[in-house]
Amino acid sequence: WKFIVGHHPIHSNGFNGGYPDVSVMLMPLIEMYNVTAYLNGHDHSMQHIVSDETHFFTSGAGSVTHEGFTPREPALFESDESGFTAIVFDP
């Protein structure tokens with residue numbers, strides 16, 4: 001498994017949406033190194049989006065959340081309630 005952790009989202013249906021400048025810089029690396037997942041905060045929500053076999057997790061709902069989503073991309077999970085993400089590595 002290979003993970004990248006950043007602050008701003010590449011893919012997001014949340015209030016802020018994805019950041020094209022982050023995508024331009026990181027997507028070539030994600031593709032070149034076959035990265036499993038990109039984890040980020042910033043958008044005050046929780047999301048799980050899969051694009052081109054890479055998982056994009058947003059976990060920014062630790063305090064204030066923004067209500068609702070803009071359907072930019074299909075999501076496996078979206079929540080605009082307060083929460084957190086726990087990751088368990090289990091080969």
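What you see is a predicted model; the values in this text were computed from it and never measured.
Note on M27 and M25: separate hydrophobic clusters, where clusters join Ile, Leu, Val, Met, Phe, Trp and Tyr whose side-chain heavy atoms are under 4.5 Å apart, directly or indirectly. Note on F56 and V50: separate hydrophobic clusters, where clusters join Ile, Leu, Val, Met, Phe, Trp and Tyr whose side-chain heavy atoms are under 4.5 Å apart, directly or indirectly. Side-chain heavy atoms closer than 4.5 Å link hydrophobic residues (I, L, V, M, F, W, Y) into clusters, and following such links, possibly through other members, connects L39 to F89. In the hydrophobic clustering of ILVMFWY residues, with side-chain heavy atoms under 4.5 Å counting as a link, Y19 and V24 come out apart. V5 is not connected to M32 by any chain of hydrophobic side-chain contacts under 4.5 Å among Ile, Leu, Val, Met, Phe, Trp and Tyr, and they are in different clusters.
S45 places none of its side-chain heavy atoms less than 4.5 Å from the side chain of T65. Contact of the Q47 side chain with the S12 side chain is registered, since non-hydrogen atoms from C-beta on lie closer than 4.5 Å. Looking only at side-chain heavy atoms (C-beta outward), H42 and N16 come within less than 4.5 Å of each other.
T70 and N13 share no side-chain donor-acceptor pair at under 3.5 Å.
Across S23 and P28, no two heavy atoms sit closer than the pair O-CD, 3.9 Å. Pairing each heavy atom of A61 with each of M46, the nearest pair is CB-CG, 3.8 Å. Summarising the geometry of P9 relative to T58, their closest heavy-atom pair is CB-OG1, 4.3 Å, with the distance given to 0.1 Å. Nearest heavy-atom pair, E73 versus I49, reported as atom, atom and distance to 0.1 Å: OE1-CG2, 4.0 Å.
Here the two rings, on Y38 and H11, have centers that are 6.0 Å apart or farther. You'll find the ring centres of F15 and H66 inside the 6.0 Å limit.
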Show, in sequence, the C-alpha distance, side-chain angles and deciding distance for H48 and F77, and conclude whether the ring-ring contact (aromatic ring centres under 6.0 Å, His included) test is met.
CA-CA 5 Å; H48 179 192; F77 174 80; 8.2 Å; no

Determine, stepwise, if the pair F57 / F3 fulfils ring-ring contact (aromatic ring centres under 6.0 Å, His included).
CA-CA 11 Å; F57 294 97; F3 297 88; 8.2 Å; no

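D43 CG to D80 CG: the interatomic distance, rounded to the nearest 0.5 Å, is 11.5 Å. With rounding to the nearest 0.5 Å, the separation of CD1 in I87 from CH2 in W1 is 10.5 Å.
Among the candidates N40, I30, T54, the single residue satisfying the side chain to side chain contact (heavy atoms under 4.5 Å, CB included) test with I10 is I30.
The number of heavy atoms from other shown groups lying within 6.0 Å of CG (D52) does not exceed 12.
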